[in-house]
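Written below as structure tokens is the structure these notes are about.
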Amino acid sequence: MSAEAARLVPVPIDLLAGDPVEVAPRLLNTLLVVGERVVRIVEVEAYRGREDPASHAYRGPTRRNGTMFGPPGRLYVYFTYGMHWCANVVCGPESVPGAVLLRAAAPEGGLEAMWAARPAARRERDLCSGPAKLCQALGLTGAFDGADLLAGDLGVRLCTDGTGPPAAAGNGPRIGISVAAEHPWRWWVPGDPNVSARSAGGAPAPEPL
DNA sequence: CTTTGGATCGTCT
DNA sequence: GACGATCCAAAGG
């Protein structure tokens, strides 16, 4: 353990216990830790439950989405497109489905392991600049579904180093969905090179629920 | 830089 | 049987 890692503390559970739309922006600049690998979350999307047609939980519990209906602070990992894993932080009160998709992160530690896990990456910003890339870089698979991010029971932790979310986070529509694309439920750290496409600019345009 | 199409299979209807 | 909360290589400006 490096001296840097020792300064990290688990995120408070209160931070995760609310509605995904409130929790998501608060996760910006938190740290996801898997062994030696450390990344800083720089882009997230909120997925709600019954009221959100784009959410896996929209049609109720299934074999895949069970973790979304569990307590907050767990990792929901799902398989998609026949080859990719994506990770979410479960939030909301227990039994009320909701989660925050981790879309992109900035590599901060254990870079060698990430390069090894992502042979297709050419530049550092290719390591974690997407939900499936992030999982590949960190080695997150279905084996980690349901992991307790605060207790670190499966070796994955969500921590903070005291850096709060940006004063003015970027905000816009979610990516890659075919329904409910009108809600601006994606947030990012303005100017970070790991953020998807040209989400540049730091113009926050928060639209109330 | 942007656009396009293929890969690949678990999950739910 | 259809469709993904995606990525990548290849091709065109």
Side-chain angles (χ1 to χ4, degrees), chain A residues 16 19-25 27-28 32 39 41-70 72 74-92 96-107 114-147 149 156 158 170-188 191 193-201:
Chain A
L16 310 174
D19 187 292
V21 173
E22 294 178 359
V23 173
L27 294 187
L28 293 176
L32 193 60
V39 301
I41 304 302
V42 297
E43 184 180 4
V44 296
E45 282 178 357
Y47 285 87
R48 303 175 92 190
R50 287 299 199 173
E51 315 119 291
D52 182 2
S55 172
H56 288 166
Y58 181 57
R59 301 182 184 261
T62 65
R63 177 181 271 96
R64 173 168 75 162
N65 67 18
T67 302
M68 282 188 77
F69 290 79
R74 304 294 244 272
L75 193 69
Y76 167 48
V77 184
Y78 68 88
F79 187 65
T80 190
Y81 288 102
M83 63 190 99
H84 295 304
W85 296 98
C86 294
N88 303 250
V89 174
V90 174
C91 42
V96 176
V100 175
L101 173 67
L102 305 179
R103 277 205 70 89
M114 294 193 217
W115 279 112
R118 286 199 35 71
R122 298 177 142 275
R123 305 160 295 186
E124 189 170 314
R125 64 171 168 277
D126 296 327
L127 289 175
C128 301
S129 56
K133 297 180 193 174
L134 192 159
C135 282
Q136 198 180 355
L138 294 175
L140 296 177
T141 67
F144 292 84
D145 182 42
L149 293 170
V156 200
L158 186 65
N171 173 245
R174 295 178 291 185
I175 292 177
I177 54 177
S178 53
V179 291
E182 67 276 14
H183 301 113
W185 289 347
R186 181 167 61 102
W187 291 265
W188 63 87
N194 300 280
V195 171
S196 302
R198 291 239 178 41
S199 303

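Just so we're clear, the structure is a prediction, and the values are computed from it rather than from any experiment. Below, read A as the first sequence line, B as the second, and so on, with proteins coming before strands; counting in each chain starts at 1.
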Quiz item: Of the nucleotides dC12(B), dC7(C), dA5(C), which has the atom closest to the Y76(A) side chain?
Solution: dA5(C)

Exercise. Scan I177(A) against the nucleic acid and name what it touches under 4.0 Å (heavy atoms): base, sugar-phosphate only, or nothing.
Key: sugar-phosphate

Exercise. Choose from dC7(C), dT11(B), dG4(C) the nucleotide whose nearest atom is closest to any side-chain atom of S178(A).
Key: dG4(C)

Self-check item: Whole angstrom value for the distance that separates P of dC9(B) from CZ of R63(A)
Solution: 19 Å

Quiz prompt | Ring centroids of Y78(A) and dA5(C) base under 5.5 Å with planes under 30° | solution = no

Quiz item: According to the Watson-Crick and G-U wobble definitions, with both distances under 3.5 Å, which nucleotide is paired to dG6(B)?
Solution: dC7(C)

Practice problem: Determine yes or no for a side-chain-to-main-chain donor-acceptor pair under 3.5 angstrom, with R103(A) supplying the side chain and R174(A) the backbone. | Solution: no

Quiz item: Counting only N and O atoms by type, is there a donor-acceptor contact under 3.5 Å from the side chain of N171(A) to the main-chain atoms of P184(A)?
Solution: yes

Exercise. Flag the pair R48(A) and D19(A) as a salt bridge only when some basic side-chain nitrogen lies within less than 4.0 angstrom of an acidic carboxylate oxygen.
Key: yes

Quiz item: For W85(A) and dT8(B), what is the distance between atoms CH2 and P respectively, to the nearest whole Å?
Solution: 17 Å

Quiz item: What's the closest nucleotide to the M83(A) side chain, out of dT6(C), dA5(C), dA7(B)?
Solution: dA7(B)

Quiz prompt | Exam field: side chain R186(A) to backbone G172(A), donor-acceptor pair closer than 3.5 Å | solution = no

Quiz item: Can you tell which of dT6(C), dC12(B), dC8(C) lies closest to the side chain of C86(A)?
Solution: dT6(C)

Quiz item: What is the distance from CD of Q136(A) to C1' of dC8(C), rounded to the nearest Å?
Solution: 11 Å

Quiz item: What integer distance in Å separates W187(A):CH2 from dA5(C):P?
Solution: 18 Å

Exercise. Grab the NE2-C1' distance between H84(A) and dT11(B) for me, whole Å please.
Key: 17 Å

Self-check item: E43(A) CD to dT6(C) P, straight-line distance once rounded to whole Å
Solution: 10 Å

Practice problem: Starting from P on dG10(B), measure out to NE2 on H56(A) and report it in whole angstrom. | Solution: 16 Å

Practice problem: When you get a sec, tell me which of dT6(C), dT11(B), dG10(B) is the closest nucleotide to the side chain of F79(A)? | Solution: dG10(B)

Self-check item: N or O in side chain of R118(A) less than 4.0 angstrom from dC8(C) OP1/OP2
Solution: yes

Practice problem: Could you state the atom-to-atom distance from CG of L127(A) to P of dT6(C) in whole Å? | Solution: 19 Å

Quiz item: Under 4.0 Å: is that the gap between some side-chain N or O of R103(A) and OP1 or OP2 of dT6(C)?
Solution: yes

Self-check item: Among dC7(C), dG4(C), dC12(B), the one nearest A132(A) by side-chain distance
Solution: dC7(C)

Quiz prompt | Y58(A) backbone acceptor or donor facing D52(A) side chain under 3.5 Å | solution = no

Practice problem: Just call it for A54(A): base, sugar-phosphate, or nothing, with non-hydrogen atoms closer than 4.0 Å on any strand. | Solution: base

